[in-house]
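Just the heavy atoms: all of them, side chains too, but no hydrogens, waters or symmetry mates, feed the values below. Here is the naming used below: chain letters follow the sequence lines, and residue numbers restart at 1 for every chain. Nothing here was measured: the structure is a model prediction, and the numbers come from that model.
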2 protein chains.
Amino acid sequence: MRPSIKDIARLAGVSTATVSRVLNDSPNVSPRTREKVLQIIRKLNYVPSHTARSLRRERTFSIGLIVPHSADYIFSFPYLNLFIKGLSRGAREKKYHIIFSTEDENIMELYEEFVRKRVVDGMVVVDVSDGDPRVALLSSLKLPFVVVGRPSGVNDYIYVDTANEEGAYEAVKHLLKLGHRKIHFVNGPSHLSVSRQRLKGYLKALEEAGVALDTRFLHQGDFMEETGYTIVKELLNRGDKPDAVFFASDTMAIGGMKAFEESGIQVGVDVSVVGFDDVPAALMVKPSLTTVSQPICDVGYNVARLLIGMIEGEDVKSVVLPTKLVVRESTVGGATVE
Amino acid sequence: MRPSIKDIARLAGVSTATVSRVLNDSPNVSPRTREKVLQIIRKLNYVPSHTARSLRRERTFSIGLIVPHSADYIFSFPYLNLFIKGLSRGAREKKYHIIFSTEDENIMELYEEFVRKRVVDGMVVVDVSDGDPRVALLSSLKLPFVVVGRPSGVNDYIYVDTANEEGAYEAVKHLLKLGHRKIHFVNGPSHLSVSRQRLKGYLKALEEAGVALDTRFLHQGDFMEETGYTIVKELLNRGDKPDAVFFASDTMAIGGMKAFEESGIQVGVDVSVVGFDDVPAALMVKPSLTTVSQPICDVGYNVARLLIGMIEGEDVKSVVLPTKLVVRESTVGGATVE
DNA sequence: TCTCCTGATGTAATCGATTACATTATAAAA
DNA sequence: TTTTATAATGTAATCGATTACATCAGGAGA
């Protein structure tokens with residue numbers, strides 16, 4: 001069997017209390033004793049049991065992440081790997097573990113399990129909406145949690161988000177600068193707060209440039225490729241060729257590009273297209289896609305940092321990270337100035 | 001505070017042992033007592049502490065997954081999300097949790113932590129190579145583990161893999177059927193066993209068709225887009241236009257496609273290209289990419305199933321899941337028969 | 001030398017469950 | 001009714017750490 005603290009105590013000729021003090025860097029241990037204990041510990045390759053420590057300390061040193069595998073979610077948040085990478089780094093720095101699960105249905109059941117069984121000290125909540133039952137549960141049990149993405153209603157909880165409004169603003173400003181005026185906007189589902197924020201950015205850029213809003217230029221999508229394709233097809237079918245289209249996801253933008261090309265309209269020459277997210281495919285399509293890149297890895301890192309801060313009783317504040325416009329081939333082509 | 005088993009026992013007027021029996025569906029509890037205890041449990045919303053149970057049972061009911069973020073890995077295994085989804089489903093069916101981490105360096109340190117601290121009951125090992133120190137550690141501590149992908153050397157441990165050889169075989173057979181003879185193969189790093197397997201499939205298809213192997217047609221890549229691009233460029237620069245190229249990853253295939261198009265060679269018409277993996281971008285590029293699809297989600301599911309089986313003392317066997325050739329536009333074009 | 005203080009160490013309770021063993025209640029058999 | 005088998009329940013040890021409190025040793029100061 002793997003050694004326990006008792007074995008170490010026995011072999012070092014001290015009590016378990018002393019071993020524990022050595023393990024936790026307590027100051028009240030004589031150098032001689034400490035050395036003796038450390039020697040035995042090294043010899044036996046002893047590492048204290050995480051479970052026992054958790055039980056005694058009434059803390060699991062773990063944070064929970066449950067990813068809903070709803071379509072909305074996957075496409076509004078394609079960078080799961082990067083997010084997790086950042087989250088993992090942040091957790092590891094503070095010696096926390098991540099308990100991970102994906103779930104389609106019964107998500108509340110899984111939440112109940114994580115929370116009431118005391119499997120985690122805090123939760124990462126993704127894809128949150130108004131009146132979310134997960135938030136209600138966590139609040140009622142006073143379990144720390146951090147929301148990924150900005151909640152739309154009251155802001156009485158901590159979140160990490162990217163500057164969606166500014167990102168959209170920059171994208172549209174870029175299109176305006178190229179001389180475009182008929183700039184369509186294919187947004188995400190309107191119930192998501194990212195959608196509201198991006199719309200704000202779109203409107204702000206137009207207003208600032210003194211371009212009147214044409215509501216016929218606003219479309220609601222769902223982040224899926226097919227939807228981008230369909231919306232552009234419809235536009236073209238009714239003879240309504242835009243100067244530019246700003247899509248709220250790269251995936252939709254790629255669908256839209258296909259529709260343009262099928263109609264013999266060359267993206268990056270006859271029309272400009274901008275996406276959002278900077279997914280790997282944005283670089284692989286031809287022409288490569290101008291898009292708004294989000295620091296997803298940093299989002300993950302900050303979520304971990306804030307959440308663990310909350311767990312440890314610090315006073316933390318929500319964070320909004322900057323987005324960046326990445327100009328590629330889908331917009332550098334000549335502009336069709338009216 | 002959240003209620004403990006003692007609170008339930010007190011309120012129900014029984015001992016903690018009886019409450020525990022109710023919780024664990026022990027047969028020796030009278031219906032009357034059971035009902036009384038369950039009533040209190042429901043009233044207080046009591047759920048037993050996972051930590052306490054783990055300590056007593058000397059089992060954490062968790063499996064560990066550490067994903068190395070090395071470039072090789074990411075590109076040879078782009079479907080992390082899907083894999084995790086399957087793994088998660090498998091784990092949840094057996095009421096296990098997944099402890100997840102990503103790691104660049106110090107991966108052994110993290111392994112030591114997971115294993116010696118007894119954070120997990122078993123490990124999922126990805127991206128394994130010959131004489132892997134992780135495998136050595138797990139073996140020496142007798143901690144159950146399952147390897148994702150087939151080890152190349154001795155098979156004295158359990159793995160879940162896809163039929164890489166058969167996948168490559170089908171892909172090349174498809175190209176041969178189209179009439180291609182000069183079929184180049186851009187493989188992955190030769191130290192990976194997937195690469196060896198795919199090479200085998202390539203060779204087998206050629207042999208079966210009576211096509212002699214030209215070793216100049218074999219190239220070593222690294223799964224990255226740029227490498228695919230470079231290799232094709234070099235080929236074309238020395239005036240060596242292939243009939244078809246089979247890439248060991250979609251990402252390389254997409255790079256290769258770019259190189260062809262830049263040289264005015266139309267993929268799907270003048271040359272055929274086949275990839276491997278079926279990443280989302282395979283559908284988004286133009287022409288869409290013919291590729292070998294792997295059931296990544298099932299791989300994850302089976303890994304969980306086997307690993308938990310091992311932990312619970314069952315006698316489990318390695319699994320190889322079938323791949324599927326997905327024919328798209330990059331190969332349906334007319335073949336350049338010699 | 002004696003007292004007092006401080007630093008080092010030990011004792012034992014504790015976290016919240018499970019479980020071997022002991023005990024008691026209940027029903028069947030004699 | 002008494003004996004005996006069995007079902008139901010309780011007692012207390014246990015998993016492996018942490019920690020409040022007790023104790024002890026040794027040095028400073030009187």
**Q** How would you list, by chain and number, every residue that makes a side chain to side chain donor-acceptor pair (under 3.5 Å) with A:S30, sequence neighbours excluded?
**A** A:T33

**Q** Restricting to pairs with a member in residues 41-60 of chain A, which pass salt bridge (Lys or Arg N to Asp or Glu O under 4.0 Å), not counting sequence neighbours?
**A** A:E35-A:R42, A:R59-A:D121, A:R59-A:E312

**Q** At 10 degrees resolution, what angle do the end axes of the helix from C:dT1-D:dA30 to C:dA30-D:dT1 form when each is taken over five base pairs?
**A** 60°

**Q** Does any pair with a residue in residues 135-146 of chain A pass salt bridge (Lys or Arg N to Asp or Glu O under 4.0 Å), and if so which ones, sequence neighbours excluded?
**A** none

**Q** Partners of B:R89 by side-chain contact (heavy atoms from CB on, under 4.5 Å), sequence neighbours excluded?
**A** B:E93, B:C297, B:Y301

**Q** I need the full list of ring-ring contact (aromatic ring centres under 6.0 Å, His included) pairs touching residues 20-50 of chain B, with sequence neighbours left out, sorted by first then second residue.
**A** B:H50-B:H97

**Q** Indicate yes or no for a side-chain donor-acceptor contact from B:D7 to the backbone of B:S4 under 3.5 Å, with no hydrogens or angles considered.
**A** yes

**Q** Among residues 25-41 of chain A, which ones have heavy-atom contacts with DNA chain D below 4.0 Å?
**A** none

**Q** Output every pair passing ring-ring contact (aromatic ring centres under 6.0 Å, His included) with a member in residues 3-26 of chain B, not counting sequence neighbours, ordered by first then second residue.
**A** none

**Q** Return a single string for nucleotides 10-19 of chain C, one symbol per nucleotide in 5' to 3' order, where B is base contact, S is sugar-phosphate-only contact and - is none, cutoff 4.0 angstrom on heavy atoms.
**A** BBBBBBBBBB

**Q** Residues in side chain to side chain donor-acceptor pair (under 3.5 Å) with B:R134, at least two apart?
**A** B:D132

**Q** If the condition is side-chain contact (heavy atoms from CB on, under 4.5 Å), which residues does A:R92 pass it with, not counting sequence neighbours?
**A** B:S101, B:E103, B:N106, B:E109, B:L110

**Q** Considering residues, nucleotides and ligands other than B:K94, do more than 12 of their heavy atoms fall under 6.0 Å from its NZ?
**A** no

**Q** Could you check whether atom NZ of B:K117 has more than 12 heavy atoms from other residues, nucleotides or ligands sitting under 6.0 Å from it?
**A** yes

**Q** Scan nucleotides 4-6 of chain C against the protein and return all N/O pairs shorter than 3.5 Å with their distances rounded to 0.1 Å.
**A**
none

**Q** So, applying ring pair (Phe, Tyr, Trp, His ring centres under 6.0 Å) with A:F100, which one of B:Y96, B:F100, B:F83 is it?
**A** B:F100

